[in-house]
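Naming convention: chains lettered A, B, ... in sequence-line order (proteins, then strands); numbering from 1 in each chain.
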Amino acid sequence: MRQIKYREAIDEATRQAMAKDERIIVLGVGVDDAKGIFGTTRGAFEQFGSARVFDTPLSEAALTGMCVGAGLRGLHPLLVHARNDFLLLTMDQIVNNAAKWRYMCGGKLRVPLTIRAIVGRGWGQAAQHSQSLQALFAHVPGLAVIMPATPADAKGLLMTALSMDSPVICLEHRWLYEKSGPVPEDPYYIPLGQAGVVREGSDVTIVAVSHMVLEAVQAAEALAADGIQAEILDVRSLRPLDSDSIARSVAKTGRLVIADTGWKSFGVSAEIAARIGEALFGRLKAPIRRVALPDVPTPASSALEQVYYPGPREIAAAARRCLEVALPEESAERPAPARPRDFHGPF
Amino acid sequence: MRQIKYREAIDEATRQAMAKDERIIVLGVGVDDAKGIFGTTRGAFEQFGSARVFDTPLSEAALTGMCVGAGLRGLHPLLVHARNDFLLLTMDQIVNNAAKWRYMCGGKLRVPLTIRAIVGRGWGQAAQHSQSLQALFAHVPGLAVIMPATPADAKGLLMTALSMDSPVICLEHRWLYEKSGPVPEDPYYIPLGQAGVVREGSDVTIVAVSHMVLEAVQAAEALAADGIQAEILDVRSLRPLDSDSIARSVAKTGRLVIADTGWKSFGVSAEIAARIGEALFGRLKAPIRRVALPDVPTPASSALEQVYYPGPREIAAAARRCLEVALPEESAERPAPARPRDFHGPF
Amino acid sequence: MSRPQRAAARGGADEVLRGLSPALLTDLYVSMRRIRRAEEMIVQLYPEQEIRCPTHLSIGQEAVAAGVCRALRPTDTAVSTHRCHAHYLAKGGDLRAMFAELYGKATGCCGGKGGSMHLTAPEVGMLGASAIVAGSIPLALGCALAASLTGSDEVSVAFFGDAAAEQGVTHESLGVAALRKLPVLFVCENNLYATNSPLKVRQVTPDIAPRAAADLMPGVIVDGTDAVAVYRAARTAVARAREGGGPTLIEAKTYRWREHVGPNFDIDLGYRTQAELDRWMAKDPVTRLARRLLRAGVLPAARRQALEAAVEAEVADAVAFARSSPFPEPESLYADVD
Amino acid sequence: MSRPQRAAARGGADEVLRGLSPALLTDLYVSMRRIRRAEEMIVQLYPEQEIRCPTHLSIGQEAVAAGVCRALRPTDTAVSTHRCHAHYLAKGGDLRAMFAELYGKATGCCGGKGGSMHLTAPEVGMLGASAIVAGSIPLALGCALAASLTGSDEVSVAFFGDAAAEQGVTHESLGVAALRKLPVLFVCENNLYATNSPLKVRQVTPDIAPRAAADLMPGVIVDGTDAVAVYRAARTAVARAREGGGPTLIEAKTYRWREHVGPNFDIDLGYRTQAELDRWMAKDPVTRLARRLLRAGVLPAARRQALEAAVEAEVADAVAFARSSPFPEPESLYADVD
Ligand SMILES: Cc1ncc(C[n+]2csc(CCOP(=O)(O)OP(=O)(O)O)c2C)c(N)n1
Ligand SMILES: Cc1ncc(C[n+]2csc(CCOP(=O)(O)OP(=O)(O)O)c2C)c(N)n1
Ligand SMILES: [Mg+2]
Ligand SMILES: [Mg+2]
């Protein structure tokens, strides 16, 4: 099958959805820019013009509310943010309005609204441009939260979001944008609330979120070299959460590692652990292990970024702990901060 | 010991802290009002005057940022909100600034800041005035989150918050305001991150948050009538979270019920369950059960409010499930919505 | 670049009413009277504690809702605030469904889920309300955006209080609406207080229109106790919006007679004086219009009494309907959210 | 109630410089030159990929930071934005600590934790920066509040870009500052773009001061390529603030020469023209002041060259310092947060 990049898949989903459904409009800071949110919105601008794809003032809260109102009146806005950190400016509109309007009016009105926002990482973007805030949204009834990890899922999930009539937050990890994968050319729809099986295995289940799926694959390869077969599930959608599929996998392997791009405490990994701990009580062979960001803000220095982000090494270590396999001799020293290969500034 | 009400304890803590430390100022919408945030700020206004206690415009975001700046320059603002729902307007200032400024500047500056906000419930306040949003704050490194359940804890924890030099969010359940309890007259300080033992028991541990502590006590009484001894821990501080004390109790009882005032999914109950599930792997006698709000917005109708809020009955049922004790015959019908006794409108 | 202007009321009664049809003027009166009597019924019923939700009454402020909504079509849309009864009714919302909602009943306009602060009647363009101050304002932009993108000439209105001018999102919304020339009316009911805080402790100038409208759009100040003046200002703004002229901000000076929330008077709280209240009550928008229409021969006493009787019957019927309606089924708790 | 006024530059060079001491004028020049050369050094070093953080350069905008900060005392405070190098340096921040921060080193002004967008130097009143547009503005209010409550006459400054005028919190902050007469300067560097979006697609009027300042405070528009004009405007505003006269908004018209973030030129992106850039480069604030001071006999060529040489040495030293400094220890990740 044709291989395209993650960002191309988003662009394609947007354009195909817009071609099918003229209620869809795209707006946000910089969507019509030559760079077009890293290449994901410029195509729609060129194809559909400035009536349906338009740049906005830096008034994120008002724009979010405007999208809610437009949704009430039959449009389906796709609001795009270059960083999910900016969503914090719009929490009142998202949580108090977008998520609740339908409920508050007893179902008389609906809010078709898709919000895309990017999770930043690396190159010293520091504390306010590298958060991964899915836990804040996943907690709120009335919202759906998706985090596609592959180009195919990005297209299929985004198309589904754009076909729904309720609010969906789509968080996209910036490091996925240049990754390629097979993506069908025709429109297709991946239902929300279904985890994807990335790799089958019998010894331990690794449930991963967004970019951690890629790190989990590397971890699984390292584990496989030691004869440990990890099954990897990509949650894809956090709310609704497919705990059934996770439980099925863990029922098989008896062991669970959860790998999340957000902070550990009170993060999405906790909910997954709580659900599986309850569902599979007495059937787990080892404690559930969570691999997530340490509970500190993101540091700028590349030396600290390297310590901050867990990766394949930490995931594999957690899996090995589940299997009570001794860890391979670990060098006490961290490697010196390396220049990132496929991602660096300026951007 | 002298008994005073929860709201009086808050008032007293505020005034005693202000008398000791002139850096403390109190501000927020309506703090100098005759009603003074349900009687918690008017006393300070009368004692310290309008230079240190002042009403503000409805500009919650700017005021939060102003408090951060004032904190950087040596004041310790106490910012008060009549509902924690309004904090959603200030998430950028809380999460991106208050929580991170110290870290971003490498520790050169600190942000002494206490934010009080009330959790509403009942009397048809509906979806935007009855949220219990602790999970959103507990997830954020750089914040502390406390939820005192008793007058004594309200005073002791608030005094500690006001003596700290980092941001603390204090969430107070409105239904606690008129409850009385013993409170020492002199100033005292309860350290953050220590759960309180409300009741000792050997059969099951109930870890409760805020108003759920009171409901847990009622549940424990019902359970005791059936010979089941519940131990109740009041978490008091969600971040830092005293998982050690919880683990110690559960190590003893082997069973855990968590009762939270917020939504269940991705809520604070998940983090507690995840930590204890990991810490006490293989030592639990039953799955951890979570009693929390169903994953829907708050309805207005008293008939629905009654279904919405879990209480002693649900906590006791969860405990009984842990003990695999058959539930007492339950009447299929809910009682008709009763007029709330000690809390009703207008307010 | 137009500066805010006072839409000053002129000369005698005839002058003021000139060009307005008796039907329209009568509508204005009936609309206000319906709001007044519905809310006075709430005052009467509230102590029974069967209306179990916070109620923010608009008694004294009826002219704003009535005047603005009379300038709208049913297809035009409005969003409102915690104080939304008047807007719901003036926009044409069903009275039975309103009382049923206050009573928390399944037949309520929100199925019992919204309560007093979220009254909704999409069938007549009342799209609901946010109880977060200024929270609904940007929604009006979205309605307007949908209208302009779909080529309709619908107009949308955001009703809000004076305190909303202190919220950032209001200023963002004004900027976006002006930039995109959206067909929106920003209607500020300046009743001089937010809860118990007078305007002067919250804002540096007594008028909101000049600051909020700034260079963005016309900012009109109008006597909010005069339904006719409000109607005229709204009509001008609506016409402008429909023709693609963009948004207008209307600041209506008005006054809430009763406490911020609940049915009582609140002079005892000390934040305002009886004398001030008396001054405003002397300008009662409802009786004032009745007198004016009587004097002008537009609405003779007998006809007015008949209309008032109809309103009484309507209100009584709505209360009876609400009382006799069933509560929502428990399972409905889980409906209307995925 | 005062309306925004243009602080128009007058007549010839001598007139403009009148009353300003040679020391002050020289300071202005050196301050700008230091910013310029430090940032040109970043341009030069960036391709080495040892400065591993997003850098938003102020080349072309130096006059604003230099002019405003020269009107401040070290005890006065300032907060800034993603584009904070110039403010940090003009306020007196240490050049070594800045470069070390850009290099992510332990000796950086934020211990390597903040990077380019959060430069902080509390010892000279530079309290840091938020990379969220407008995010730091209300912090200036708090600094001012602390000053007024503790009886000090300190003034605080919020630097921000033109896009900040689109953020609600900016308007809230203006309202609160005016209401409480806080000693704050709101300094808007209107460089006509936010990232690649021109002002006109974001705001309905070309000037920010009239809309933002509205009825709240004086709104002054100043030539942001003229450090002396900026200094004069700031001096007036600072004096007013110190005397309890409350806040002022200064809008400085300026221009960013290079791309929004990063070291390159970006005419190829197509959002602005080479001709526009050329026009602004012809008004280069640094060389312009040098010429003017030369003509006025304030700063002869030899003296200027000596000062410039000192700046070169300072920058070179800072880079060497940064390069040779150690990275933070891994454990420091967990410090500075409870
Ligand atoms: C953002 C926010 N802050 C505080 C409140 C609490 N509150 C509810 S109504 C109100 C007063 C609003 O005043 P105004 O906007 O003038 O409307 P009015 O009640 O006078 O009609 C306040 C402070 C709220 N609902 N939302
Ligand atoms: C709230 C918010 N929205 C979007 C961004 C992304 N962003 C960073 S800088 C910038 C442009 C800001 O323009 P302006 O305020 O004019 O400052 P300038 O960069 O021109 O100095 C944008 C959109 C952000 N940092 N914060
Ligand atoms: Mg008001
Ligand atoms: Mg700019």
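Only the backbone of C/Ile51 comes within contact range of chain B, with heavy atoms under 4.5 Å apart. When heavy atoms are compared at a cutoff of 4.5 Å, C/Ser116 does not approach chain B at all. Of the two parts of B/Leu89, only the side chain, counted from C-beta on, holds a non-hydrogen atom closer than 4.5 Å to a non-hydrogen atom of chain C. In this structure, no portion of C/Gln203 lies under 4.5 Å from any heavy atom of chain B. Both the backbone and the side chain of C/Ala131 come within contact range of chain B, with heavy atoms under 4.5 Å apart. Both the backbone and the side chain of B/Ser59 come within less than 4.5 Å of a heavy atom of chain C. When heavy atoms are compared at a cutoff of 4.5 Å, C/Tyr271 does not approach chain B at all. Looking at C/His82, neither its backbone nor its side chain comes within 4.5 Å of chain B, counting heavy atoms on both sides.
A cation-pi arrangement is not found for B/Arg83 relative to B/Phe86, the charged atom failing to lie both closer than 6.0 Å to the ring centre and inside a 45° cone about the ring normal. Seen from the ring of C/Tyr103, C/Arg323 does not count as a face-on cation partner, given the 6.0 Å and 45° thresholds.
Salt bridge status for C/Asp336 with C/Lys113: present, with a side-chain N to carboxylate O gap under 4.0 Å. Of the charged side-chain nitrogens involved, at least one lies within less than 4.0 Å of a carboxylate oxygen, so that C/Arg52 and C/Glu50 count as a salt-bridged pair. Salt bridge status for B/Lys179 with B/Glu172: absent, with no side-chain N to carboxylate O gap under 4.0 Å.
Of the listed residues C/Gly112, C/Gly115, C/Ser197, the one with more heavy-atom pairs under 4.5 angstrom with chain B than any other is C/Gly112. Contact count against chain B (heavy-atom pairs under 4.5 Å) is highest for C/Ser130 among C/Gly135, C/Gly168, C/Ser130, C/Gly108.
Between B/Tyr177 and B/Tyr6, the angle of the ring planes lies from 30° to 60°, which puts this pair in the tilted group.
A donor and an acceptor atom, one from each side chain of C/His260 and C/Arg83, are located under 3.5 Å apart.
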